[in-house]
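Right, one structure below, let's go through it.
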There are 2 protein chains.
Amino acid sequence: MSQQPRPDAPECYCRLEGVIDLLSRKYAMQIVCVVDHLGTARYGELESAFGGDVSSSTLSARLDDLVSADLLEREQYDEIPPRVEYTLTGDGESLAERLEPLLR
Amino acid sequence: MSQQPRPDAPECYCRLEGVIDLLSRKYAMQIVCVVDHLGTARYGELESAFGGDVSSSTLSARLDDLVSADLLEREQYDEIPPRVEYTLTGDGESLAERLEPLLR
DNA sequence: CAGCATCCCTATTGATACTG
DNA sequence: CAGTATCAATAGGGATGCTG
């Protein structure tokens, strides 16, 4: 989907290259914002934050994406019933801050 | 693609609703940034800013999207050869500013 | 130059059903 | 509860060729 940054392209264009693919995915930015808002969020909380709008497969995929990108941290507690908590990493928080201006 | 905002959803999620669909489209944010960078941009300038990476149909579509969203203004000069210039509207500039933090 | 129309292809998303 | 697997639907994007 994305290509190599072009050396002759404006820097403003190049700079977006890295994050853009991830952030363009559905609910990606929203998840970052919601987790930032909640501080820590469980899977179910995210699901209900979006109402019935997200399918579990999509939400799962997006969470994986964000964890892989090191924006989100996944903490799993081996209890019954199972509990998983997502929090923003440093990078995630930094992104959330940069995202906030977009909310107005 | 997008649904009605849910009254019980976190405001951070609701607030993104409006812009998100548009900004998620390929090259949308980049175009805003490039036009902001250049001040005013012709179609061909945008095309070359992205190298050969954008097809003309996609670039066209995205420009239309942005014009429809009132983020970009299209000024057409009836000359031969034809000349078209794109500039950011007030909203567009405002968005560009909010986008800038993302570039770091 | 600055595009639009068409066709087609792929990536992404959603629905549904099932599991540790 | 917190997912995964599978399948089907779709929207977005690229290639190509043509216009004012």
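So you know, we letter chains A, B, ... as the sequences are listed, proteins then strands, and number each from 1.
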Quick one: are A:Glu100 and A:Leu103 in side-chain contact, heavy atoms under 4.5 Å? yes
Global bending angle along the helix from C:dC1-D:dG20 to C:dG20-D:dC1, which compares the axes of five pairs at either end, to 10 degrees: 60°
Could you state the atom-to-atom distance from CZ of B:Phe50 to P of D:dG14 in whole Å? 11 Å
Would you indicate whether the side-chain heavy atoms of B:Leu71 and B:Leu22 approach each other to under 4.5 Å? yes
Is there a side-chain contact between B:Lys26 and the phosphate of C:dA11, meaning an N or O under 4.0 Å from OP1 or OP2? no
Would you mind reading off the distance between A:Asp53 atom CG and C:dT13 atom P, rounded to a whole angstrom? 14 Å
Side-chain contact test, heavy atoms from C-beta onward, threshold under 4.5 Å: evaluate it for B:Thr58 versus B:Tyr27 and give yes or no. yes
Return yes if some donor-acceptor pair links the side-chain N/O of A:Thr89 with the main-chain N/O of A:Glu73 below 3.5 Å, else return no. no
Hey, could you give me each pair passing side chain to side chain donor-acceptor pair (under 3.5 Å) that has a residue in residues 32-44 of chain A? Not counting sequence neighbours. none
Residues 76-87 of chain A side chain polar contacts: donor-acceptor under 3.5 Å, at least two apart:
| unit_1 | atom_1 | unit_2 | atom_2 | d |
| --- | --- | --- | --- | --- |
| A:Gln76 | OE1 | A:Arg74 | NH2 | 2.3 |
| A:Glu79 | OE1 | A:Arg83 | NE | 3.3 |
| A:Glu79 | OE2 | A:Arg83 | NH2 | 2.8 |
| A:Arg83 | NH1 | A:Glu85 | OE2 | 3.0 |

So if I define the base as every atom that isn't primed, P, OP1 or OP2, how would nucleotides 2-7 of chain D read as a B/S/- string at a heavy-atom cutoff under 4.0 Å? SSBB--
To the nearest angstrom, how far is A:Ile20 atom CD1 from C:dT12 atom P? 14 Å
Can you see if the side chain of B:Thr58 gets near the phosphate of D:dG14 - specifically, an N or O under 4.0 Å from OP1 or OP2? yes
A:Ile80 CD1 to C:dG20 P: how many Å, rounded? 13 Å
Residue pair B:Ile31 / B:Leu59, side-chain heavy-atom distance below 4.5 Å: yes
What is the distance from CG of A:Asp21 to P of C:dT10, rounded to the nearest Å? 18 Å
Separation of C:dT13 P from A:Leu22 CG (nearest whole Å): 11 Å
Counting just side-chain N and O atoms, does B:Arg62 come under 4.0 Å of either OP1 or OP2 of D:dG12? no
Under the side chain to side chain donor-acceptor pair (under 3.5 Å) test, residues paired with A:Ser57 that sit two or more places apart: A:Ser55
Which nucleotide wins on minimum distance to the side chain of A:Pro81, given the candidates D:dC1, C:dT13, C:dC1? D:dC1
Could you give the CG-to-P distance, from B:Leu72 to C:dA2, as a whole number of Å? 14 Å
Without placing hydrogens or testing angles, list every side-chain donor-acceptor pair under 3.5 Å for residues 61-68 of chain B, not counting sequence neighbours.
| unit_1 | atom_1 | unit_2 | atom_2 | d |
| --- | --- | --- | --- | --- |
| B:Arg62 | NE | B:Asp65 | OD2 | 3.0 |
| B:Arg62 | NH1 | B:Lys26 | O | 3.1 |
| B:Arg62 | NH2 | B:Asp65 | OD2 | 3.3 |
| B:Asp65 | OD2 | B:Arg25 | NH1 | 3.2 |
| B:Ser68 | OG | B:Asp64 | O | 2.9 |

Nearest-Å distance for atom pair CG/P, residues B:Asp78 and C:dG3: 12 Å
